[in-house]
Amino acid sequence: MQDFEPKIVAFVCNWCTYAGADLTGTSRIKYSANVKIIRFPCTGRIDFMILMKAFENGADGIIVSGCHPNDCHYSTGNFHARRRWIVFRNLLNFTGIDTDRIQFSWVSAAEGFKWADVVNNCTKKIKELGPYENYNKIAVSTLFNEEGTSNE
Amino acid sequence: MKVGFYPGCSMKGGAREYQESVSALAKVFDIELVEIPDWNCCGATAAHNLNKELSLSLPARIMALAEREGIKDIVVPCAACYNRLSVTQHELAADPALCSKVASLIELKYEGTTQILNIIQFIDKYITDRLEEKVVKPFNYKTACYYGCLLVRPHSILKFDRVEDPQSMDTLVKKAGGDAIDWAFKTECCGAGMSVSRTDTVARLSGNIMKDAADRAAEVIVVACPMCHSNLDMRRPEINKFLNEKIDIPVLYISQVLGLAVGLDAKTLGLNRHMTEVNLPEKPVKEAAVTDAPKKVVPTQKLEA
Amino acid sequence: MNDMIKKVTQLLTDKTIDVFIGYGKGSADRSRAIFVRTAEQAENLVFSANCTQNLAGYLLKHEVKHLGKLGILANVAALRSILQLASEFQIKDGEVLVLFANPDGSFTEFLDFHSIEGYLLTTETGITSGEQERIAALEAMSVSERWTFWNQEFEKCIKCYACRAACPMCYCHRCTTDVNQPQWIPVASHERGNLDYHLMRAMHLAGRCVNCGECANACPMDIPLNLLTYQLISPIKAGFGATAGMKSDAVYALSTYKPDDKENFII
Amino acid sequence: MSRIGVFVCHCGENISATVNCEKVAKITGELKGVEFSTDYKYMCSDPGQTLLKEAIKEHKLDGVVVAACSPRMHEPTFRKACAEAGLNPFLCEMSNIREHCSWVHPKDDLTTEKAEDLVRVMVEKVKKNKALKSIKVPVTKTALVIGGGIAGIQAALDIANCGHKVIMVEKLPSIGGHMSQLSETFPTLDCSQCILTPRMVEIAQHPNITLHTYSEVESVDGFIGNFKIKIRKKSKSLDEHLCTGCGLCTTKCPQKKIPNEFERGLGFRPAIYVPFPQAVPNKPVIDRENCTYYIKGKCKVCEIVCPTKAIRFDQEDEVIEVEAGAIVMATGFDVLKSDYFPEYGFGKYKDVIDGLQFERLASASGPTQGEIRRPSDGQVPKKIVFVACAGSRDPAKGIEYCSKICCMYTAKHAMLYKHKVHDGTPYVFYMDIRAGGKMYEEFVRRTIVEDGTHYVRGRVSTIYEKNGKLIVKGADTLMGGIPIEIEADMVVLATAGVANKGAEELAQTVHISYDSYKFFAEAHPKLKPVETNTAGIFLAGACQAPKDIPESVAAASGAAVKVAALFSNDELTRDPLVAVVNRQAAPVYSACVGCFLCQSVCPYQAIEREEIKSRSGEIIKTLARVNEGLCQGCGTCVALCRTKAIDIHGYSNQQVYTEIMALLND
Amino acid sequence: MEKELKILKYSELSKLIERFRSNGYPVLAPVRKGKVVEIELVESLDAIALDVLLSTQSAKKAAFPKVEKVLRYTLGKSEVQQFPVDPEACPDTILFGVRPCDASGFKSLDAIFGEAPADQFYLKKKEKTTIISFSCPTADEYCFCTSVGGGPGNTAGSDLQFTGISKDDILVEILTEKGAKLSLLFADLLSEAGASIDKSKFLADVKVAFKVDSVVEKTTASFGNATLWLEQSLRCIGCGACAFVCPTCACFDFQDEQNTKNGVRLRLWDSCGFSLFTLHTSGHNPREVQSQRWRQRIMHKFAYMPEQLHVVGCEGCGRCSRACPVDMNIKEHLTAISLI
């Protein structure tokens with residue numbers, strides 16, 4: 001599993017974590033290239049189904065990150081998001097989806113170092129866990145091989 | 001009407017008259033006090049200084065036994081016991097994990113559903129409504145109500161009366177026809193458990209309390225805690241020595257005050273057991289002194305959440 | 001039962017209501033919903049232990065609504081459904097006449113939502129101990145065991161959407177499943193499509209589910225779908241102090257927040 | 001079929017040092033729908049932008065992806081360039097291959113591949129972008145100022161002096177607020193009335209300002225630029241046009257023993273009264289609760305003595321409706337009530353007073369004409385104790401914050417006392433002295449050093465009366481916590497500043513948020529201190545948190561500038577990246593089912609109810625509608641909506657879904 | 001062909017499955033899954049639930065699976081490359097242990113999918129499937145096969161039919177060439193059966209509830225009878241359970257699933273009970289309410305199919321009624337229609 005390069009998607013809010021990741025860049029702090037960022041206006045915008053889509057399109061890990069509580073640009077989006085994640089994580093765990101593969105974090109626009117840490121730690125963890133085989137077995141790509149679902 | 005009763009150690013020892021008067025009072029109002037079977041020590045101050053689980057398990061066991069008996073309300077006349085039981089209930093409700101741990105330690109099912117009542121809450125819930133009609137001998141003395149520390153603190157848990165300048169006992173005394181005086185030492189420390197180890201401290205602290213009551217011409221001090229009582233009553237020689245004067249104001253339990261008002265005799269109420277002689281002068285009944293007890297709602301401690 | 005027939009007949013005669021939704025005799029030992037519009041039909045009303053269907057879902061059904069003013073025989077789950085639907089602005093107070101079926105066969109009339117709220121506070125509304133045990137058994141498994149369990153269950157799913165159709169809270173005209181721009185939930189009932197669908201449904205019912213069990217009862221493939229939403233009831237109650245269907249003006253647990261909501265997974 | 005242009009920037013060597021930009025351009029040029037791709041040294045430079053513009057025209061591009069630095073840096077630049085080339089600016093997206101790629105990864109294939117991924121994501125996203133138009137909202141150039149204290153006065157004057165109309169609403173019969181009650185002000189000791197009253201008069205006389213006193217806001221509808229406000233003008237029982245303010249009625253009124261609110265109960269007033277001599281407007285109102293006529297049905301002395309026959313006993317409240325483009329909240333604060341301090345005997349002992357009462361005692365126009373005399377017997381107190389932090393910073397009292405102004409006014413009180421009672425001894429019990437402000441620390445120092453005030457660091461545990469003295473028990477923590485007992489003649493509590501009674505209801509009425517202490521909440525604690533979360537509503541003064549006069553005035557001017565800026569255009573232009581509820585043809589009308597669970601997640605109250613009606617006026621369906629004027633585009637409603645009826649421009653469901661697909665399927 | 005009768009010992013059944021498996025035939029058979037019985041691939045007799053009244057799902061999936069890939073494609077910069085799925089690429093399969101109504105259900109499907117242009121995906125699978133049905137020794141109140149021309153021992157559609165005639169013996173009817181060919185695999189296990197065996201003695205008694213001709217006639221005449229359909233369907237909640245367990249329901253939907261590079265086209269079950277089934281892009285829905293969809297379901301089976309395909313689209317298995325969450329009992333409703 002040494003050469004396993006996990007696919008990790010980061011869903012981040014525009015105002016804190018995206019800016020924090022910008023700061024990581026401006027500060028030239030190095031982190032793993034496995035993580036790729038998709039920008040949202042606010043963590044409140046991040047629909048739980050977006051996370052499911054990431055797994056079924058082959059993500060091995062997910063990072064969700066936004067403003068610290070009370071720092072939300074829209075004042076309450078992250079609070080709503082937090083509630084949603086609390087519930088959703090419960091549900092994922094109950095259905096046997098590995099919540100170790102989803103890292104939630106608060107990273108502010110000033111926390112360039114923290115962003116690098118979050119990314120590196122998450123990459124390290126996912127590398128240890130290996131490819132998300134359970135989910136890969138039902139991923140979108142399974143349809144595209146020649147056999148696929150022909151007679152179930 | 002049946003109400004659970006937790007006596008704790010002092011009711012059976014130094015404060016026998018407290019239990020006697022509570023029982024006698026309850027009887028007047030047709031309330032049957034059911035002593036919780038096989039009760040144990042509440043842990044008092046000793047347990048929570050040593051071991052948190054122990055300090056919670058002891059009161060939890062008492063409450064669990066009450067639950068098993070189907071008891072809904074427990075009257076706990078001792079302020080320290082009341083405090084320990086209430087705190088335990090509060091802490092276990094806030095921490096389900098701890099709650100199940102404690103339940104396994106005491107090997108009893110504990111739900112935390114019993115209502116813990118101190119003596120004043122008990123009277124308010126079961127007696128106050130019928131009190132005024134039963135008063136035959138208004139207790140028309142200048143009375144200093146002394147609350148001590150454990151009855152009203154911490155407010156966040158007990159939610160009883162207000163911490164500073166409490167009023168509940170004053171209201172009761174007024175309903176019994178008494179003149180609850182305004183004084184400054186309602187919740188000052190009496191010295192509590194230093195009664196034995198540091199008598200000099202108790203003499204000083206309790207002395208200051210007695211002094212203020214005396215200065216304001218109190219004829220009687222009323223308490224709702226055996227510890228307070230023993231310090232103010234039993235330590236009177238040391239107090240007088242400290243003050244360098246002779247103060248002979250008697251110290252009564254609230255249950256005794258109400259008992260006297262509803263016509264119980266001194267012996268039944270155990271007044272003979274006090275160290276400081278209870279020698280209250282007969283007074284003519286004042287006209288309409290009883291009725292204007294203020295119905296003021298006690299303000300809450302905090303801003304509305 | 002005669003009391004109820006009398007009552008319903010009277011309600012229909014004095015035009016208090018136009019239709020009464022109650023239970024009638026069904027196939028074999030089943031009961032079924034009937035829609036009583038005449039005194040004659042009222043004679044068909046029955047009530048027995050097998051009358052468990054949550055009839056509240058019919059209150060929103062287009063064709064039923066069009067019959068006129070509705071009355072309903074509610075069980076505890078239906079009462080809660082009504083309050084939850086009210087909190088989501090789907091039913092207004094006074095719009096529906098609610099009779100409550102007591103276990104002994106007698107009934108109570110609830111005059112307004114407030115009295116329903118009062119009643120619910122005094123009655124058992126939680127999930128059964130059997131369901132609690134099933135949840136506990138699943139929670140005791142490892143994550144991958146649970147994955148296998150649900151995978152096997154979802155494999156049976158044929159996407160007939162009986163769960164959705166039976167659920168009183170699934171009243172959306174357009175379900176997320178029906179959205180195709182983008183196609184969030186694959187239409188196919190392959191493993192992924194089924195997983196997506198059931199997770200989505202559970203999430204959309206989190207904090208709204210009134211634990212009536214209609215989804216699982218309706219499932220022709222006997223998938224224990226109710227466990228998915230039931231499992232979320234206690235964390236939502238413990239974490240946010242919210243229980244669905246207890247107040248007609250409740251704020252939805254996931255539409256609100258507390259600044260100090262507790263979690264232990266966000267770094 | 002899309003015709004997308006991809007422009008990969010080298011950023012000098014910032015990007016090209018680790019990312020193979022040529023390769024990125026080449027590979028992404030192979031993507032479906034990409035019509036043109038290139039790389040360039042500096043895309044943001046003039047020639048870079050020209051390159052972009054020319055490519056748009058030449059290749060008839062209908063979408064642009066610029067792979068360069070963070071969009072937080074140059075998105076406006078490139079969107080503007082697109083617009084100049086005739087392409088809708090919202091069809092331009094940026095891939096962040098600098099901050100998120102070249103600067104954080106080493107030079108290797110993975111880094112270049114990541115850059116390709118990031119570009120591909122944006123290519124796919126931009127295919128789903130829509131040409132959007134900025135939102136224009138008309139602006140009514142009238143401001144509503146709620147509250148006529150110093151903050152409201154300052155804001156109103158500033159706005160009015162910019163040439164805009166202002167409507168001011170004040171709850172009490174006169175404007176002036178708490179500042180009009182103060183004696184002298186720290187740290188300069190100017191007379192409060194002297195600096196305030198000219199401004200009060202200016203309000204009354206300003207041609208742009210309409211003043212409604214004895215009035216309250218009843219409802220607020222609408223949104224930024226277009227508020228509709230209902231104001232209840234409580235009946236003054238007086239025809240203001242006829243009244244000349246001669247004051248005869250007030251002297252003849254037989255009811256004379258009503259505690260005077262302005263004097264904080266230290267003096268009395270009649271039932272028909274002017275709150276204080278310098279009141280604006282200087283015309284009386286009848287306090288119906290205490291007026292003999294309203295209580296007993298006869299009296300009418302005022303009517304008889306009034307030379308202009310201005311008294312109107314049957315006058316009713318009037319509700320007027322006004323329109324405004326902006327609202328300034330300046331409703332001020334209150335101080336804690338006596339219920340909070342039984343241990344200090346506050347409310348029980350007459351000589352335990354609060355700071356505002358002391359202000360009245362020290363005021364030349366106050367009940368004692370500025371002499372410090374105890375309320376109980378009128379004696380001059382020789383020993384006086386000031387208790388700072390009475391309630392503030394005390395979780396047990398539910399007030400965890402610092403009230404901020406008390407340290408300063410307590411020092412001022414001690415100083416004023418010493419100036420008036422030369423042989424008096426002032427004590428101040430304090431927790432910390434917080435004197436952060438221009439000349440503040442020096443002022444406190446003067447109180448201590450020059451005026452010899454005894455500052456005791458410690459809290460007062462209890463105060464009780466004994467033999468006509470107030471026994472103040474406390475501890476001096478700087479002296480090892482030794483207990484102190486002072487026999488004082490008078491005690492002044494610096495009671496905490498709290499939100500006004502009814503602040504919560506008012507916030508709900510105007511639809512702004514408030515904090516756990518019921519103070520109104522600012523939109524951002526640092527960068528939007530005078531804005532609220534509701535666009536077009538601003539905060540001034542102590543309704544937001546306890547503030548002293550300069551701070552209140554500064555905030556008020558800040559709010560006024562925000563209003564003036566808003567009024568500087570006839571229309572308000574807003575970013576169109578807002579949420580929208582989908583609409584369809586009948587009979588569905590919309591996927592929205594009207595559950596309105598979205599309403600409570602919206603921090604901006606932007607979600608409204610819209611009723612679809614049949615021709616006969618019957619309601620067919622009630623839908624959510626997003627008010628574009630209020631929506632700020634957070635998208636929290638989008639994630640919550642079960643039917644996916646709400647979507648958001650710029651981060652639509654289609655767009656984010658496509659992004660994930662593009663990112664993961666290479 | 002002339003039907004042949006043989007006897008097989010119960011004890012040899014497991015050998016049968018072994019023979020099929022060892023000769024490379026996948027075997028589809030009823031399998032118990034908790035409370036439900038699915039039709040699934042099995043490895044041995046142990047897995048097969050032969051004692052059940054009826055499988056929860058019908059056997060149609062053997063030729064008409066719930067998800068079926070019909071096309072694969074890739075998306076290039078400007079072109080789409082297609083890789084059609086070969087309908088022939090399905091194995092010879094044995095459908096074992098199903099009921100006569102399942103077997104006869106295929107005749108409706110044959111008619112629907114056989115209409116020009118013939119559906120090769122269905123037909124090839126059907127062609128390669130050999131059906132061994134087990135006649136019904138029991139029935140329940142939902143069964144009404146005898147009302148729609150079938151019966152517990154109906155051999156239509158079966159290649160072989162097994163009937164238990166004693167504790168040990170099974171009567172084997174070899175009904176078709178396909179059946180005869182398959183029976184060669186276990187000819188050694190068969191013994192001759194006396195011509196005197198009266199199979200009907202071993203079958204369940206299913207009462208005739210209504211006359212099918214009458215239902216067809218009344219249904220055809222009732223299109224405009226809105227009250228009839230509304231009354232019958234008021235409690236219908238519009239799920240697809242009935243259609244998805246039905247052996248003759250054949251509606252399907254095509255869906256493309258793709259990412260940015262690859263895609264597949266899938267054929268999926270659909271149901272006329274769904275409101276989405278007829279929803280137009282414009283928002284207009286010609287079958288706007290549930291009663292119209294119920295009408296469609298009944299009329300399709302009892303008016304349109306008899307008229308156009310000369311077959312009644314119902315086998316009387318009663319699965320729809322059993323599966324219905326709100327007790328829509330089709331037998332009851334059809335009886336009511338027949339009595340109009």
Side-chain angles (χ1 to χ4, degrees), chain C residues 19 21 23-35 37 53 55 57-58 61-64 66-67 152-153 155-168 170 173-175 177-178 180 183 186-194 214-224, chain E residues 33-38 40 56-57 61 66-69 140-142 229-231 233-245 253-258 264 266-271 273-276 279 288-292 318-329 331-332:
Chain C
V19 198
I21 309 170
Y23 301 102
K25 200 202 155 322
S27 317
D29 58 350
R30 300 171 73 174
S31 73
R32 64 168 63 144
I34 60 170
F35 302 83
R37 279 148 290 168
Q53 191 190 342
L55 301 176
Y58 287 119
K61 191 180 169 189
H62 184 73
E63 285 171 294
V64 175
H66 269 240
L67 297 174
Q152 282 170 357
E153 288 295 339
E155 210 179 309
K156 294 193 290 194
C157 175
I158 49 178
K159 281 257 185 91
C160 68
Y161 302 125
C163 42
R164 183 181 77 180
C167 176
C170 277
H173 306 154
R174 183 181 77 173
C175 177
T177 315
D178 304 338
N180 58 4
Q183 186 79 49
V187 182
S189 63
H190 46 48
E191 286 152 311
R192 175 164 42 85
N194 293 344
E214 286 297 308
C215 50
N217 291 341
C219 181
M221 304 313 288
D222 198 36
I223 305 171
Chain E
K33 292 224 160 162
K35 282 187 205 154
V36 302
V37 181
E38 286 246 55
E40 285 204 338
T56 312
Q57 271 201 52
K61 67 192 280 192
K66 63 179 183 180
V67 181
E68 184 172 28
K69 184 156 76 181
D140 67 6
E141 64 269 32
Y142 296 102
W229 308 116
L230 179 70
E231 285 302 317
S233 69
L234 261 178
R235 68 177 178 279
C236 172
I237 53 176
C239 75
C242 48
F244 289 179
V245 297
D253 176 25
F254 278 112
Q255 288 283 337
D256 284 1
E257 286 191 19
Q258 66 176 56
V264 288
L266 303 177
R267 167 152 83 185
L268 315 165
W269 290 350
D270 206 343
S271 164
F274 295 148
S275 67
L276 207 63
L279 181 67
E288 202 184 337
V289 290
Q290 202 56 34
S291 58
Q292 295 167 344
R319 279 193 175 89
C320 52
S321 310
R322 289 185 202 93
C324 181
V326 294
D327 194 29
M328 295 283 286
N329 187 317
K331 180 166 109 183
E332 189 184 313

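Each chain gets a letter, A, B and so on, in the order the sequences are listed, and its residues count up from 1.
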> Below 4.5 Å, heavy atoms only, C-beta onward: do E:Ser291 and C:Glu63 meet side chain to side chain?
Replying inline: yes

Cut-off 4.5 Å, heavy atoms of chain C, and the answer for E:Arg322 is backbone

Practice problem: Check whether any side-chain heavy atom of E:Leu266 sits under 4.5 Å from a side-chain heavy atom of C:His190, and report yes or no. | Solution: yes

SG (C:Cys175) and CZ (E:Phe274) are apart, to the nearest 0.5 Å, by 11.0 Å

Ranked by heavy-atom pairs below 4.5 Å to chain E, first place among C:Lys159, C:Arg174, C:His173 goes to C:Lys159

dist E:Asn329:CG -> C:Arg30:CZ (nearest 0.5 Å) comes out at 8.5 Å

Answer key: most heavy-atom pairs under 4.5 Å with chain C among E:Leu234, E:Leu268, E:Val326 is E:Leu234

Most contact-rich option vs chain C, by heavy-atom pairs under 4.5 angstrom, among E:Val245, E:Val37, E:Leu230, is E:Leu230

Q. Can you tell me if E:Asp327 uses its side chain to pair, donor with acceptor, with the backbone of C:Ser27 under 3.5 Å?
A. yes

Whatever's closer than 4.5 Å to a heavy atom in chain E on C:Tyr161 counts as both

(request) Decide, yes or no, whether a salt bridge links E:Lys33 with C:Glu153 under the criterion of side-chain N to carboxylate O below 4.0 Å. (result) no

Under 4.5 Å to a heavy atom of chain E? For C:Ile34 that would be neither

TODO: State, with a plain yes or no, whether a side-chain heavy atom of E:Gln290 is found less than 4.5 Å away from one of C:His62.
DONE: no

- Item | Any C:Pro220 side-chain heavy atom under 4.5 Å of E:Val36 side chain | no

Turns out that what part of C:Cys157 lies under 4.5 Å from chain E's heavy atoms comes down to backbone

Assert top hit (heavy-atom pairs under 4.5 Å, partner chain C, pool E:Leu276, E:Thr56, E:Asp140) equals E:Leu276

NZ (E:Lys35) and CD1 (C:Ile223) are apart, to the nearest 0.5 Å, by 12.5 Å

Do the side chains of E:Glu231 and C:Arg37 get close enough for a salt bridge, i.e. N-O under 4.0 angstrom? yes

Contacts of C:Arg192 meeting salt bridge (charged side-chain N to carboxylate O under 4.0 Å, His left out) (sequence neighbours excluded), chain-then-number -> A:Glu56, E:Glu257

Closest heavy-atom pair, C:Cys160 versus E:Ala241, reported as atoms and distance to 0.1 Å, is CB-N, 3.4 Å

If you define the side chain from C-beta out and look only at heavy atoms, does anything of C:Lys61 sit under 4.5 Å from E:Arg235?
no

Quick one, C:Lys156 and E:Gln57 - any side-chain contact, counting heavy atoms below 4.5 Å? no

